[in-house]
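Just so you know, these numbers use all the heavy atoms, side chains as well, and skip hydrogens, waters and symmetry mates. Quantities reported herein were computed from a predicted structural model and do not represent experimental measurements.
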Amino acid sequence: MSPYLDEFILIALAHFFAVASPGPDFAVVLKQSISFGRRNALMTSAGVGLGILVHVTYCLLGVALLLSQSPELFNVFKYLAGAYLAYMGVQALRATAAPASQQNDAAQLVQESAFSALRRGFLVNALNPKATLFFLSLFTLVIDPDTPQSVQLFYGLYMAVATWLWFSSLSLVLSKAAVRRFFQRAGHWFDRAIGVVLLLLALRLVI
């Protein structure tokens, strides 16, 4: 592994700045943490990590090269991602105020199945063109073509695990009772604000 240490450090740094920058992944984990609590936010974070494996897989298989050579195919992918983010944004905009009994009890949270939370995080990341562009440039410009696929796979697994740990850490902080109580007083307005953010992200992807 030592001959590829410099390459790995460069990839790790690039990935850190990419995953730490605000985007659809952060928006959905933030919403899950506040709206559904720690368990669902952690499952959503796991889904985001699994989504990374999708990008790694098609890069290793060479599909990323096809996407880079076919603007039409990439545009279809981009519009699908924009439509999904817009759908989530509209759903968030439809949020209503919680009953008064729930506003006084931060422990009472709307429940969502673990699978739904996992799927939500997975789809947001897997359909994110920003992630596609990042991995496309990473595997075509940063990683040497002569780097063995086993080493490239290690890079991909590292990024998936690092992404999962990053968003899981955020989930643990954002789902604390004190944070939930703060947002719970006007939780529906928070949901609507996130809805606007998601719609703007969808618009940005399309244009």
Side-chain angles (χ1 to χ4, degrees), residues 1-30 32-33 40-82 84-85 114-115 117-174 201 204-205:
M1 186 64 197
S2 55
Y4 308 103
L5 182 59
D6 291 344
E7 189 174 69
F8 172 73
I9 292 175
L10 182 60
I11 289 169
L13 287 173
H15 174 260
F16 171 77
F17 287 113
V19 77
S21 64
D25 295 338
F26 176 80
V28 73
V29 169
L30 177 62
Q32 293 292 104
S33 299
N40 278 55
L42 289 174
M43 291 303 297
T44 300
S45 300
V48 172
L50 288 175
I52 295 292
L53 296 178
V54 173
H55 303 293
V56 172
T57 299
Y58 64 63
C59 283
L60 290 176
L61 293 176
V63 179
L65 181 62
L66 175 62
L67 284 174
S68 67
Q69 300 299 319
S70 176
E72 296 80 9
L73 180 60
F74 183 79
N75 282 336
V76 170
F77 181 81
K78 182 172 65 174
Y79 293 140
L80 284 174
Y84 183 69
L85 286 178
F115 176 76
L118 183 75
R119 180 182 60 191
R120 189 184 301 275
F122 174 80
L123 289 176
V124 166
N125 184 273
L127 293 176
N128 184 3
K130 174 187 171 184
T132 299
L133 290 173
F134 172 75
F135 282 95
L136 175 64
S137 44
L138 202 64
F139 276 82
T140 56
L141 300 177
V142 178
I143 297 177
D144 193 300
D146 294 329
T147 300
Q149 280 214 329
S150 58
V151 177
Q152 295 186 39
L153 179 60
F154 169 79
Y155 294 160
L157 292 175
Y158 162 79
M159 288 185 284
V161 172
T163 299
W164 168 58
L165 291 176
W166 170 261
F167 284 112
S168 293
S169 299
L170 285 179
S171 300
L172 293 176
V173 173
L174 295 171
L201 287 170
R204 181 183 176 188
L205 290 180

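The line from CG of Leu50 to CG of Leu118 is 5.5 Å long, rounded to the nearest 0.5 Å. Going from atom CG of Leu170 over to atom CZ of Phe26 covers 6.0 Å, rounded to the nearest 0.5 Å. Summarising the geometry, atom CG belonging to Leu123 is positioned 12.0 Å from atom CG belonging to Asn128; distances are rounded to the nearest 0.5 Å. Cys59 SG to Leu153 CG: the interatomic distance, rounded to the nearest 0.5 Å, is 12.0 Å.
Listed for the Gln149 side chain is a donor-acceptor partner under 3.5 Å among the backbone atoms of Leu60. When atom types are taken as modelled, the side chain of Ser33 and the backbone of Leu174 share no donor-acceptor pair closer than 3.5 angstrom. Side chain of Asn125 to backbone of Ile52: a donor-acceptor contact under 3.5 angstrom is found.
A pairwise comparison of heavy atoms in Ala160 and Leu53 identifies CB-CD2, 3.6 Å as the closest pair. Between Gln32 and Ala41, the shortest heavy-atom contact is CB-CA, 4.0 Å. Taking all atoms of both residues into account, the shortest heavy-atom contact from Val19 to Trp166 is O-NE1, 3.6 Å. Here the closest heavy-atom approach between residue Phe134 and residue Ala18 is recorded as CE1-CB, 3.8 Å. Residues Gly156 and Val56 approach most closely at CA-CG2, 3.5 Å, considering heavy atoms. Across every non-hydrogen atom of Tyr4 and Pro148, the tightest pair is OH-CD, 3.1 Å.
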**Item:** Verdict with reasoning, Phe115 to Met43, per side chain to side chain contact (heavy atoms under 4.5 Å, CB included)
**Value:** CA-CA 8 Å; Phe115 176 76; Met43 291 303 297; over 6 Å; no
**Asked** Passes side chain to side chain contact (heavy atoms under 4.5 Å, CB included), Phe167 versus Leu42? Steps please.
**Response** CA-CA 8 Å; Phe167 284 112; Leu42 289 174; over 6 Å; no
**Message:** Applying side chain to side chain contact (heavy atoms under 4.5 Å, CB included) to Val54 and Phe122, what does each step give before you reach the verdict?
**Reply:** CA-CA 9 Å; Val54 173; Phe122 174 80; 3.5 Å; yes
**Item:** Ser171 vs Val29, side chain to side chain contact (heavy atoms under 4.5 Å, CB included): CA-CA, chis, key distance, verdict
**Value:** CA-CA 7 Å; Ser171 300; Val29 169; 3.5 Å; yes
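Under the 6.0 Å cut-off for aromatic ring centres, Tyr158 and Phe8 qualify, their centroids lying closer than that.
Of the residues Val124, Thr44, Thr163, the one that meets the side chain to side chain contact (heavy atoms under 4.5 Å, CB included) test with Asp25 is Val124.
A donor-acceptor contact under 3.5 angstrom links the side chains of Glu7 and Thr147, judged on distance only.
Between Tyr155 and His15, the closest side-chain pair of non-hydrogen atoms is not below 4.5 Å.
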